[in-house]
Asks: 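Before I ask anything, here is the structure I am working with.
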Number of protein chains: 2
Amino acid sequence: MNANIHIVEDEQSIVTLVEYNLSKEGFKVNSSTNGENGFKAIKDTNPDLVLMDWMLPDLSGVEICKLLKKNDKYKNIPIIMLTAKGEEEDKVKALNIGADDYITKPFSFPELLARIKALLRRSKPSVAEDIISFGDLKIDRITRKVYRANKQIDLGPTEYNLLDFFIKNPKRVYSREQLLTNVWGDNINVESRTVDVHIRRLRQAINLEGTKDLIRTVRAAGYSLDN
Amino acid sequence: MNANIHIVEDEQSIVTLVEYNLSKEGFKVNSSTNGENGFKAIKDTNPDLVLMDWMLPDLSGVEICKLLKKNDKYKNIPIIMLTAKGEEEDKVKALNIGADDYITKPFSFPELLARIKALLRRSKPSVAEDIISFGDLKIDRITRKVYRANKQIDLGPTEYNLLDFFIKNPKRVYSREQLLTNVWGDNINVESRTVDVHIRRLRQAINLEGTKDLIRTVRAAGYSLDN
DNA sequence: TATTTTTGTAATAAAACTGTAACAGTTTTG
DNA sequence: CAAAACTGTTACAGTTTTATTACAAAAATA
């Protein structure tokens with residue numbers, strides 16, 4: 001599975017553990033250790049799912065959840081609340097404020113994974129699907145193969161990730177910065193111009209002689225997968 | 001989000017902080033550090049929302065708020081009052097004098113942002129919407145595409161921004177100076193006649209053969225998106 | 001470890017966009 | 001009606017942004 005997950009959690013041990021395991025499953029994981037940054041990062045990177053601690057240093061997970069669910073633009077991002085308490089009433093409260101699921105610490109990783117997958121399948125089929133298409137472009141996440149007009153195409157790792165990201169939100173324009181955080185990951189130090197080069201490599205790979213460029217350049221804004 | 005926000009606040013640190021964060025969110029921000037200039041600037045630039053300090057060197061925020069709310073032309077601009085005091089009675093007072101919301105310092109940026117967005121959604125849907133139409137003209141901020149009569153149109157960055165600005169307040173006339181500060185940004189050094197040229201480019205792009213010009217020239221005043 | 005693949009950057013080329021000035025045309029004013 | 005004020009249009013040089021290429025370093029693979 002190839003989804004962007006954001007974790008907002010102040011206990012470093014949990015972050016490390018979950019981050020490690022989710023990465024191994026193929027997820028792209030970013031994290032924040034307090035509410036303020038978490039909220040900002042979620043809006044910036046538009047993750048496919050959020051794991052959030054109930055209690056947080058400054059802005060609580062409950063607050064962030066409420067804020068996100070109030071906003072049309074973000075309310076569809078599924079949120080799983082993590083909490084130390086196992087009270088039934090908290091669960092009710094969590095669901096009331098709009099959280100999509102609720103899991104008590106300590107939890108087993110397989111349990112967490114199952115819930116994540118269930119939510120993603122429900123809320124963002126394109127993220128959970130094994131095979132996604134856009135026009136005559138097809139990407140198979142199980143075999144990690146990409147096809148254009150039924151012909152297989154070879155892509156390097158970065159180009160593959162780039163395409164996988166684009167295809168989840170076709171036609172939407174992403175800035176170089178957004179692409180860097182979503183495809184390369186957080187706190188990585190790469191020139192934004194580097195995106196251009198990978199865009200070129202991706203174009204070279206997926207475009208067919210004589211057909212329209214599948215990647216649209218939007219001057220002063222970024223790129224989008226389009227046709 | 002693409003809205004023009006004006007801040008009237010004498011504490012430079014707050015201005016800097018808020019300005020920086022709002023810019024990153026995509027807002028276009030201008031600011032004044034005293035009441036006199038603030039009042040003038042608000043009338044001049046017609047922002048989509050105003051953040052105003054309760055106490056100000058000369059003309060107090062309370063006064064400005066009252067003045068604006070008394071004037072039909074400006075009373076619909078949402079105003080958020082910033083104050084150091086957290087008294088409940090002040091909140092009542094703020095709302096009484098016409099402020100639309102009230103936030104006490106120190107405040108967290110996410111909280112401010114949430115309130116700003118909530119207000120904008122309520123008062124100026126066209127600022128918060130992803131897709132806006134004016135007649136058979138449509139602008140999609142996600143894909144950054146513009147359509148006239150369902151046919152896609154190519155616009156350069158400046159023309160796109162210009163149209164995006166016009167469409168938020170259709171029919172309203174903007175002077176060249178207003179357009180410069182709102183579309184180009186503050187403290188930029190561009191001849192006001194340059195606006196003419198971009199207006200021409202925009203016209204050329206969006207107008208259809210045989211139909212009325214969508215941009216109206218108002219002699220000695222400026223331009224408006226009209227029909 | 002040697003070989004191959006992938007990656008990021010910098011340099012350069014190409015393309016798109018911008019602002020200005022000049023002049024033409026139009027409307028208003030005296 | 002002539003002068004003045006304002007707007008429309010055009011061309012173009014300069015600037016900014018994007019495309020392309022080559023290459024060295026890093027990473028993966030054999």
Side-chain angles (χ1 to χ4, degrees), chain A residues 23-24 28 144-146 153-166 173-207 209 212-226, chain B residues 144-146 152-166 173-207 209 212-226:
Chain A
S23 300
K24 235 178 36 179
K28 181 141 305 258
R144 233 183 138 85
K145 283 182 180 173
V146 176
I153 283 166
D154 274 327
L155 289 183
T158 305
E159 282 70 59
Y160 178 90
N161 291 335
L162 195 52
L163 178 59
D164 192 321
F165 178 69
F166 269 129
V173 176
Y174 291 101
S175 69
R176 293 183 175 73
E177 275 64 30
Q178 286 176 310
L179 292 172
L180 283 175
T181 62
N182 282 295
V183 176
W184 276 253
D186 240 357
N187 34 27
I188 198 124
N189 212 356
V190 172
E191 290 291 320
S192 79
R193 290 263 135 233
T194 296
V195 173
D196 298 29
V197 177
H198 285 280
I199 287 284
R200 154 140 172 92
R201 288 171 182 155
L202 180 56
R203 275 178 166 147
Q204 215 154 26
I206 66 175
N207 282 333
E209 192 73 35
K212 195 147 164 277
D213 191 344
L214 282 184
I215 293 178
R216 179 169 66 112
T217 300
V218 182
R219 206 155 215 268
Y223 299 96
S224 72
L225 181 66
D226 210 323
Chain B
R144 242 184 130 86
K145 285 182 180 176
V146 175
Q152 204 205 313
I153 284 166
D154 274 326
L155 291 182
T158 305
E159 282 70 59
Y160 178 91
N161 291 335
L162 195 53
L163 178 59
D164 191 321
F165 177 69
F166 269 129
V173 178
Y174 291 100
S175 70
R176 293 181 177 74
E177 275 64 30
Q178 286 176 314
L179 292 172
L180 282 176
T181 62
N182 282 296
V183 176
W184 276 253
D186 240 358
N187 35 26
I188 199 126
N189 212 358
V190 173
E191 290 291 321
S192 78
R193 292 300 311 276
T194 295
V195 173
D196 297 30
V197 178
H198 285 281
I199 287 286
R200 150 130 175 102
R201 287 171 182 155
L202 181 55
R203 276 177 165 147
Q204 214 154 28
I206 66 176
N207 283 333
E209 192 73 37
K212 194 147 164 276
D213 191 345
L214 281 184
I215 293 177
R216 180 168 63 108
T217 300
V218 181
R219 199 154 217 269
Y223 299 96
S224 74
L225 181 65
D226 211 323

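Chain identifiers are assigned alphabetically (A, B, ...) following the order of the sequence lines, protein sequences preceding nucleic acid strands; residue numbering begins at 1 within each chain.
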Asks: For a quick test of reading the model, state the closest non-hydrogen atom pair linking A:Leu214 to A:Asn207 and the distance between them.
Replies: N-OD1, 3.0 Å
Asks: Is it true that a side-chain atom of A:Lys28 and a backbone atom of A:Gly185 form a donor plus acceptor pair closer than 3.5 Å?
Replies: no
Asks: Name the residue from A:Arg200, A:His198, A:Arg193 that meets the side-chain hydrogen bond (donor to acceptor under 3.5 Å, both in side chains) definition with A:Asp196.
Replies: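 That would be A:Arg193.
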Asks: Under the side-chain contact (heavy atoms from CB on, under 4.5 Å) test against B:Tyr223, which residue among B:Ile199, B:Leu202, B:Val218 passes?
Replies: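 So, applying the side-chain contact (heavy atoms from CB on, under 4.5 Å) to B:Tyr223 and each of B:Ile199, B:Leu202, B:Val218, only B:Ile199 qualifies.
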Asks: Would you mind building the protein contact string for nucleotides 10-23 of chain D? One character per nucleotide, 5' to 3', B for base within reach (heavy atoms under 4.0 Å), S for sugar-phosphate only, - for untouched.
Replies: BB----BBBSSBB-
Asks: How many Å lie between CD1 on B:Ile188 and C1' on C:dC17, as a whole number?
Replies: 14 Å
Asks: Are the side chain of A:Asn182 and the backbone N or O of A:Gln178 linked by a donor-acceptor pair below 3.5 Å?
Replies: yes
Asks: Give a yes or no answer on whether the side chain of B:Arg203 reaches the backbone of B:Ile215 with a donor-acceptor pair at less than 3.5 Å.
Replies: yes
Asks: Figure out the CG/C1' separation between B:Asn207 and D:dG8, and round it to whole Å.
Replies: 14 Å
Asks: Kindly give the heavy-atom pair with the smallest separation between A:Ala205 and A:Leu155, and that separation in Å.
Replies: CB-CD2, 3.3 Å
Asks: What parts of residues 177-184 of chain B reach DNA chain C, counting only heavy atoms under 4.0 Å away?
Replies: B:Trp184
Asks: Starting from C1' on D:dT9, measure out to NE2 on B:His198 and report it in whole angstrom.
Replies: 14 Å
Asks: Flag the pair B:Asp226 and B:Lys212 as a salt bridge only when some basic side-chain nitrogen lies within less than 4.0 angstrom of an acidic carboxylate oxygen.
Replies: no
Asks: Once you round it to whole Å, what is the distance between C1' of C:dG8 and CG of A:Leu162?
Replies: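 In whole Å, C:dG8 C1' lies 14 Å from A:Leu162 CG.
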